[in-house]
Visitor: 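Sharing a structure with you now.
Note that the structure is a prediction, hence the values are computed from the model and not measured. Along the sequence shown, residues are numbered consecutively beginning with 1.
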Amino acid sequence: MGLLAAFPQGASPQTSRQDPVDFQTRYGFLLKGDFPKRWTGAFQYELRMVNNASEIRGSYFTVELGRKPWAGRNLELAGHYRLAAVRTGTDHRLALGLEGTRKFGATALSLRTLLQRQWRMRDDDEGAGAETFLRVRLRGKRPLGERWAVSLAVEPYFTFAEGEYPVDNWRNVLTLQYSLGKGKRLDLYYMYRPDYARSYNRTFHTVGIQAEMDFRIPPRRPSVGVTSGNR
């Protein structure tokens, strides 16, 4: 890909037994849409920096399509595809999940289960191959005044690989959200992610910023017939 040609050259960053901790940063943009008949969609772009935020990991492009099966219920079925163009190759990911949300006063709690299949097509320490995960995310969100909101999410990744530790990694995310006006937001977040996928445990600390924008396509109004009267 031409995008990869712009990446700085050098060895692929990776943690090791001697240095199993890495600080990373992420910069993203999310466009979310509401469509007629309870359909939803989203597009996300994310740039990731690794090796103590000194090197570009890659660009991540995600397209999502969802639908709320029942009107008036906070339940959504959604699937997504993600293309990751990283320094050493390409990753593809498909996922299908179900998310439900319920409010308790000013606090909104959501639970999402996601079945994920990803394919690595690259030449690095992780190598090429395919993996399947079951992700379970519990998230709470609460407003802080008119423009601010805070959320906390925990999400373990369960692996189906035989003979391995059942939890591949665990994401814990604290997000502070600021409203920029109707349908526009800015997310600042910190992620603490212990990783158990190797013979030694790794730990990642990630700080990110993401701009979000909503749009809505209203349903088509029925056409009104025009009578010409008697001639």
Side-chain angles (χ1 to χ4, degrees), residues 26 28-46 60-82 93-118 132-158 160 167-193 206 208-222:
R26 299 183 182 184
F29 175 77
L30 177 65
L31 185 63
K32 299 174 65 177
D34 282 330
F35 306 125
K37 298 183 179 180
R38 303 190 298 277
W39 285 95
T40 63
F43 170 79
Q44 181 189 43
Y45 168 76
E46 191 173 65
Y60 294 71
F61 305 86
T62 305
V63 178
E64 181 173 292
L65 184 64
R67 191 174 190 274
K68 297 177 180 179
W70 300 283
R73 295 190 181 183
N74 292 321
L75 189 67
E76 184 173 9
L77 179 68
H80 76 243
Y81 165 73
R82 190 189 74 179
R93 187 174 85 184
L94 291 173
L96 181 65
L98 183 67
E99 182 173 9
T101 304
R102 185 173 179 179
K103 297 199 71 174
F104 298 88
T107 302
L109 289 180
S110 64
L111 179 64
R112 185 188 71 178
T113 58
L114 192 70
L115 186 62
Q116 172 182 302
R117 179 72 170 176
Q118 64 183 37
T132 302
F133 300 104
L134 176 65
R135 300 167 51 176
V136 181
R137 186 186 70 188
L138 177 64
R139 181 172 62 186
K141 183 176 181 180
R142 185 178 181 87
L144 300 174
E146 293 184 358
R147 288 188 175 269
W148 292 93
V150 62
S151 67
L152 179 64
V154 293
E155 184 177 23
Y157 282 47
F158 298 98
F160 294 92
V167 178
D168 182 87
N169 69 87
W170 194 301
R171 296 189 178 193
N172 307 276
V173 185
L174 176 65
T175 303
L176 191 61
Q177 186 176 86
Y178 180 72
S179 174
L180 300 172
K182 186 176 181 181
K184 302 180 182 66
R185 299 170 299 278
L186 192 64
D187 287 351
L188 304 172
Y189 61 90
Y190 164 71
M191 179 193 303
Y192 170 69
R193 181 168 72 91
T206 303
I209 181 170
Q210 177 172 266
E212 298 184 8
M213 182 178 296
D214 297 336
F215 71 93
R216 182 175 182 271
I217 298 180
R220 296 180 59 184
R221 295 182 178 181

Visitor: Give me the one residue out of N169, V173, T206 that meets side chain to side chain contact (heavy atoms under 4.5 Å, CB included) with R193.
Guide: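 The side chain to side chain contact (heavy atoms under 4.5 Å, CB included) with R193 is passed solely by N169 among N169, V173, T206.
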Visitor: Just to verify, what does W148 make a ring-ring contact (aromatic ring centres under 6.0 Å, His included) with, not counting sequence neighbours?
Guide: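 Listed in chain order: Y178.
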Visitor: Going by side chain to side chain donor-acceptor pair (under 3.5 Å), name the residues that satisfy it together with Y81, two or more places apart in sequence or in a different chain.
Guide: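 Once residues adjacent in sequence are excluded, the partners of Y81 under the side chain to side chain donor-acceptor pair (under 3.5 Å) criterion are H92.
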Visitor: Taking only residues two or more places apart in sequence or in another chain, which ones pass side-chain contact (heavy atoms from CB on, under 4.5 Å) with P218?
Guide: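 With neighbours one apart ignored, the set is R216.
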Visitor: Report yes if the side chains of F43 and F61 come closer than 4.5 Å at any heavy-atom pair, otherwise no.
Guide: yes
Visitor: For the CD1 atom of I217 and the CG atom of D34, what is their distance to the nearest 0.5 Å?
Guide: 9.5 Å
Visitor: May I have the list of side-chain donor-acceptor pairs in residues 64-78 shorter than 3.5 Å, sequence neighbours left out?
Guide:
from, atom 1, to, atom 2, distance (Å)
R67, NE, K37, O, 3.4
R67, NH2, K37, O, 3.4
E76, OE2, T40, OG1, 2.4

Visitor: Could you walk me through whether Q210 and Q44 pass the side-chain hydrogen bond (donor to acceptor under 3.5 Å, both in side chains) check?
Guide: CA-CA 10 Å; Q210 177 172 266; Q44 181 189 43; 2.7 Å; yes
Visitor: Who are the ring-ring contact (aromatic ring centres under 6.0 Å, His included) partners of Y190, not counting sequence neighbours?
Guide: none
Visitor: Quick one, R185 with S179, criterion side-chain hydrogen bond (donor to acceptor under 3.5 Å, both in side chains). Give me CA distance, side-chain angles, the key distance, then yes/no.
Guide: CA-CA 4 Å; R185 299 170 299 278; S179 174; over 6 Å; no
Visitor: Could you list the residues that satisfy side chain to side chain donor-acceptor pair (under 3.5 Å) with D168, not counting sequence neighbours?
Guide: none
Visitor: Are the side chains of V167 and Y157 in touch, meaning some heavy atoms are under 4.5 Å apart?
Guide: no
Visitor: If you measure from OG1 on T132 to CG on L115, what distance do you get to the nearest 0.5 Å?
Guide: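 That separation rounds to 7.0 Å.
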Visitor: Going by side-chain contact (heavy atoms from CB on, under 4.5 Å), name the residues that satisfy it together with L152, two or more places apart in sequence or in a different chain.
Guide: L174
Visitor: Does anything in residues 140-157 form a salt bridge (Lys or Arg N to Asp or Glu O under 4.0 Å)? List the pairs, not counting sequence neighbours.
Guide: R112-E155, R135-E155
Visitor: The criterion is side chain to side chain donor-acceptor pair (under 3.5 Å); which residues satisfy it with W170, sequence neighbours excluded?
Guide: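 With neighbours one apart ignored, the set is N172.
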Visitor: Could you report the tightest heavy-atom contact between G140 and L109, atom names first, then the distance?
Guide: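 It is CA-CD2, 3.6 Å.
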Visitor: Closest approach of A106 and P143, non-hydrogen atoms and distance?
Guide: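 Where A106 meets P143 most closely, the heavy atoms are O-CD, 3.2 Å.
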Visitor: Please give me the minimum heavy-atom distance between S110 and T101, naming the atom from each residue.
Guide: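 Result for this residue pair: CB-OG1, 3.6 Å.
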Visitor: Contact between I209 and L186 at the side-chain level, heavy atoms closer than 4.5 Å - yes or no?
Guide: yes
Visitor: Just so I know, are the side chains of Q177 and Y189 near enough to count as touching, which here means a heavy-atom distance under 4.5 Å?
Guide: no
Visitor: Going by atom types only, do S151 and R139 share a side-chain donor-acceptor pair under 3.5 Å?
Guide: no
Visitor: Please enumerate all residues that pass ring-ring contact (aromatic ring centres under 6.0 Å, His included) together with F158, with sequence neighbours excluded.
Guide: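 F158: no ring-ring contact (aromatic ring centres under 6.0 Å, His included) contacts found.
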Visitor: Which pairs, with at least one residue in residues 170-184 and sequence neighbours excluded, count as a salt bridge (Lys or Arg N to Asp or Glu O under 4.0 Å)?
Guide: none
Visitor: What closest approach, in Å, do F160 and L134 show between heavy atoms, and which atom pair accounts for it?
Guide: CE1-N, 3.8 Å
Visitor: Considering residues at least two apart in sequence or located in another chain, which fulfil the ring-ring contact (aromatic ring centres under 6.0 Å, His included) criterion with F29?
Guide: none
Visitor: If you apply the rule side-chain contact (heavy atoms from CB on, under 4.5 Å), what do you find for M191 with R26, and how did you get there?
Guide: CA-CA 10 Å; M191 179 193 303; R26 299 183 182 184; 3.9 Å; yes
